[in-house]
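First comes the structure, then the notes that go with it.
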Amino acid sequence: MFVQLKKELNPQQYAAVTHKNGPILVLAGAGSGKTKAITYRIAYLIHHQKVDPKTILGVTFTNKAAGEMRQRVAALIGPKAKEVTLCTFHSLGLKILREHGHHLGYRRNFTIYGEGDQLSLLRTLIREHPKKRDKFDAGILLSRISGYKNKCVDGKSEFPLYGDKYDDILPEVYDRFQSALRAYQAVDFDDLILLPIRLLDEFPDVRRFYHETYQHLLVDEYQDTNHGQYRLITLLASAHRNICVVGDDDQSIYGWRGAEVRNILNFEKDYPDAKVIKLEQNYRSTQVILDAANHVIKNNNKRQDKRLWTDRGRGKNIDAFLARDENDEAKTIAWRLQTIKERASARWSDFAVLYRSNVQSRALESTFRVNKIPYIVVGGYEFFDRKEVKDIIAYLKVVQNPRDDLSLLRILNYPRRGIGDSAIVRLHEEAHKRDLCVYDLLKEAQNDHELSKQAQEGLRSFLLLIEELRKQRHAGDLSQLVRSTIEKTGYREEIERTIDDAITAQMKIDTVEELVSAASSFSEQEEAGTLASFLDSLSLNDDTFQNGGKKIRPDDAVLLATLHSAKGLEFPYVFMCGMEEDLLPHSRSLNEGGGIDEERRLCYVGITRARRHLTMSLVQERNKFGRKAKRIPSRFLKEIPEDLLCKQYSHSPNFFDRQIIKSANDDK
DNA sequence: TAGTTGAAAGTTTTT
DNA sequence: CTTTCAACTA
Ligand SMILES: Nc1ncnc2c1ncn2[C@@H]1O[C@H](COP(=O)(O)OP(=O)(O)OP(=O)(O)O)[C@@H](O)[C@H]1O
């Protein structure tokens, strides 16, 4: 590979890849080969500089982008890639916390709370609060708690005031929230960044350990880092200063969760000796696509000046079509996709359909399904948000960490064990008063005569069940454990008992079964197929579960993804759907964070994913809560010059051969 | 304590 | 349209 380095890289990339130690900044536009520079640099360090792969750390914000890095490094250096740490900030934080969290009082088996867990914890706190009549919204509280937490990275600070009813209760709820997490041995996503910062900051030994361990840091999509992640990286780099960051201010799309572009813009101030590199040639897209992207993004102010050119030829115009509703849109996409595929003899995986919001995947999925177009959905809700799955996972979480009161209380009386609300409230309060975790309290409460006979019996069988599963945890394999959990809890019977509709009941049973397959395919592809790693992967939304619980993952499939999770990827053929006002730009985004500019960047990201051809679509009306709502074209569509577009607004897509493209509704 | 009923509310992006 | 939650009844 060394021989070809000079051939495969342009001079600027070559400079970035082969630069000796010290800070490097690559600030450049979409498709200019930033990720290529990072991955080649990793390969170069290993092959040329004889750097031990284990001492290289590459991080980025999203799972998808981390996976892309991993894949591209593996393509370059083969199996050695496994020794390089390539992950998201959060999984790096998790690693640090599992290895050294004991300094801060965390056991190795601590639990990760996702947003759902955070919200349900907050809801119980609100329920117990004396002022609960005020109808506090858990979501608002959560965003303020998270904001405050992150603000405290640089030391304790005042609670910010918003001038509403939440101001009064925030400090108290915050304290209770934090102590609950501690008591439960649980950490939330913020903690996965903030606690490692404390470890590195306050414990010189830990800091020294990681300075030794990771001697070369590389950060992709650096514009997406928030202050905590910036601090984390800065601490990790402080000894050797071998830090290479790449990014593009025009692709900053996470302002709404605290990402700060100034992290990348200030890099030269942080590291005055930084080698700064600009890349100006786009190797990805045709002229038409690049022009469209540039015309859209130039409507933003406050941009870093960047040049971008391509020699890949003009290419075909961008198609833009109007459909009647989202099902028509999906059908037309299916039809066009198949047409392009045949004409260009492309593979399914050469296509991506991108959208602003996860709900948009629904119509696409059902249409693709009936038309036998293989697809993979990135992220989205679906599987792991279903009640059945969350219940079983709560059991597994308790098995792993019995101090997790929140998960325990969720399942203590599901399936029904005769333990009612009053008993649960009593147990919870008692545990809180005596500074015990509920699990330990249960051991005595099973003989507490103030509880009903029924409840006592229920507690006994619950404890027995958990103990049994805990024993099994180390013995058998993971999928066996999940299966036992389902069987021993009598979950299937509970579903059959409580749900009258046989079809719904069967669906739920199937869902639970799918979780077993998810577990078994997990232990097949992970060498450490333990319960702990399974729960971690679930919490971090790991790529392993891309297709929910389904075991069969087509290896050649169309990608369905949000604009956010498509960043960093590229496809010969891209569809952007829902090009409508209130969706892109999204109506809810206009007041917050980056506002319209961030939405425009999102559009820019979408356009620049395409290599050869881009199709945009919009609909006349969209179903919203069972009502039809009229839609108007996105302003971004109008920012693209007419001569780059090929508009097909006139005829209904129903026009297209109905025999070829089935509608999702008329499949029976 | 368990189960039913009816009203109300939700409509963004990720870890 | 869906899900969630409070109030009610058995
Ligand atoms: N010097 C080069 N010669 C040929 N092709 C290149 C070169 N550099 C990059 N490419 C190709 O251009 C495409 C885009 O590269 P890459 O994904 O690294 O860009 P990027 O700057 O990271 O993009 P983005 O900002 O959108 O994530 C890839 O297909 C890559 O292989």
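Since the model is a prediction, treat every value here as computed from it, not as a measurement. Proteins come first, then strands; the chains are lettered A, B, ... in the order of their sequence lines, and each starts at number 1.
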B:dG3 OP1/OP2 closer than 4.0 Å to side-chain N/O of A:Arg416
yes

Within the structure, does a side-chain N or O atom of A:Arg497 lie under 4.0 Å from either OP1 or OP2 of B:dG3?
yes

Figure out the CZ/P separation between A:Arg588 and B:dT12, and round it to whole Å.
5 Å

B:dT11, OP1 or OP2 - any side-chain N/O from A:Asn623 closer than 4.0 Å?
no

Should A:Trp256 be counted as stacked on B:dT12, where stacking needs a ring-centre gap under 5.5 Å and an angle between planes under 30 degrees?
no

Give A:Glu115 one of three labels, base, sugar-phosphate or nothing, depending on what nucleic acid heavy atoms sit under 4.0 Å from its own.
base

Nearest-Å distance, CG (A:Leu142) to P (B:dT12)?
15 Å

Using a cut-off of 4.0 Å on non-hydrogen atoms, how would the nucleic acid contact of A:Ala423 be classed: base, sugar-phosphate, or nothing?
sugar-phosphate

Residue-phosphate contact under 4.0 Å: A:Ser539 side-chain N/O, B:dT15 OP1/OP2
no

Touch class at under 4.0 angstrom, heavy-atom based, for A:Asp582 against every strand present
nothing

From NZ of A:Lys95 over to C1' of B:dT15, roughly how many Å is that when rounded to an integer?
18 Å

Are any side-chain N or O atoms of A:Arg600 and backbone N or O atoms of A:Ile297, one a donor and one an acceptor, separated by less than 3.5 Å?
no

Run through DNA chain B and report every stem of 3 or more consecutive Watson-Crick or G-U pairs, distances under 3.5 Å, ordered by first number.
B:1-10 with C:1-10

Residues that A:Arg257 engages under salt bridge (Lys or Arg N to Asp or Glu O under 4.0 Å), provided they are two or more places apart
none

Need one value for A:Gly114: base, sugar-phosphate or nothing, where a base atom within 4.0 Å counts as base even if backbone is also close, heavy atoms only.
nothing

Measuring centre to centre across the rings, with the benzene-like ring taken for any Trp, is A:Phe89 within less than 6.0 Å of A:Phe61?
no

Do the side-chain N or O atoms of A:Asn358 get closer than 4.0 angstrom to the phosphate oxygens (OP1, OP2) of B:dT12?
no

Output the rounded distance in Å from CG (A:Leu119) to P (C:dC5).
11 Å

Can you confirm whether the side chains of A:Gln118 and A:Asp188 place a donor and an acceptor under 3.5 Å from each other?
yes

Nearest to the A:Arg257 side chain among B:dT12, B:dT14, B:dT15, which nucleotide is it?
B:dT14

N or O in side chain of A:Asn541 less than 4.0 angstrom from B:dT14 OP1/OP2
no

Main-chain N/O of A:Arg362 paired to A:Ser366 side chain as donor or acceptor, under 3.5 Å
yes

Hey, does the side chain of A:Asp582 reach the backbone of A:Ser587 with a donor-acceptor pair shorter than 3.5 angstrom?
no

Of the listed nucleotides (B:dA2, B:dT12, B:dT14), which one gets closest to any side-chain atom of A:His586?
B:dT12

A:Asn226 side-chain N/O to B:dT14 phosphate OP1/OP2 under 4.0 Å
no

Name the nucleic acid region contacted by A:Phe89, choosing base, sugar-phosphate or nothing; use a 4.0 angstrom heavy-atom cut-off, strictly under.
nothing

Protein-nucleotide distance (A:Arg622, atom CZ; B:dT12, atom P), rounded to Å:
13 Å

Side chain of A:Thr88: nearest nucleotide among B:dA2, B:dT11, B:dT15?
B:dT15

Quick one: does any side-chain atom of A:Arg609 pair with a main-chain N or O of A:Val605 as donor and acceptor, under 3.5 Å?
yes

Salt bridge between A:Asp220 and A:Lys34, side-chain N to carboxylate O under 4.0 Å?
no

Could you tell me the separation between the CD atom of A:Glu580 and the C1' atom of B:dT11, rounded to a whole number of Å?
14 Å

Nearest heavy atom decides the nucleotide; on that basis, is A:Ala455 or A:Phe61 closer to the 5' end of DNA chain B?
A:Ala455

Quick check: on DNA chain B, is the nucleotide nearest A:Arg417 upstream (toward 5') of the one nearest A:Thr562, or the reverse? Name the residue that is more 5'.
A:Arg417

A:Glu494 atom CD is separated from B:dG3 atom P, nearest whole Å, by 7 Å

Students often get this wrong, so: under 4.0 angstrom with heavy atoms, is A:Arg601 touching a base, only sugar-phosphate, or nothing?
nothing

Does A:Phe189 lie flat on the base of B:dT15, that is, centres under 5.5 Å apart and planes under 30° off?
yes

For A:Val246 and A:Gln223 the tightest heavy-atom approach is O-OE1, 4.4 Å

A:Ile193 CD1 to B:dT15 P: how many Å, rounded?
12 Å

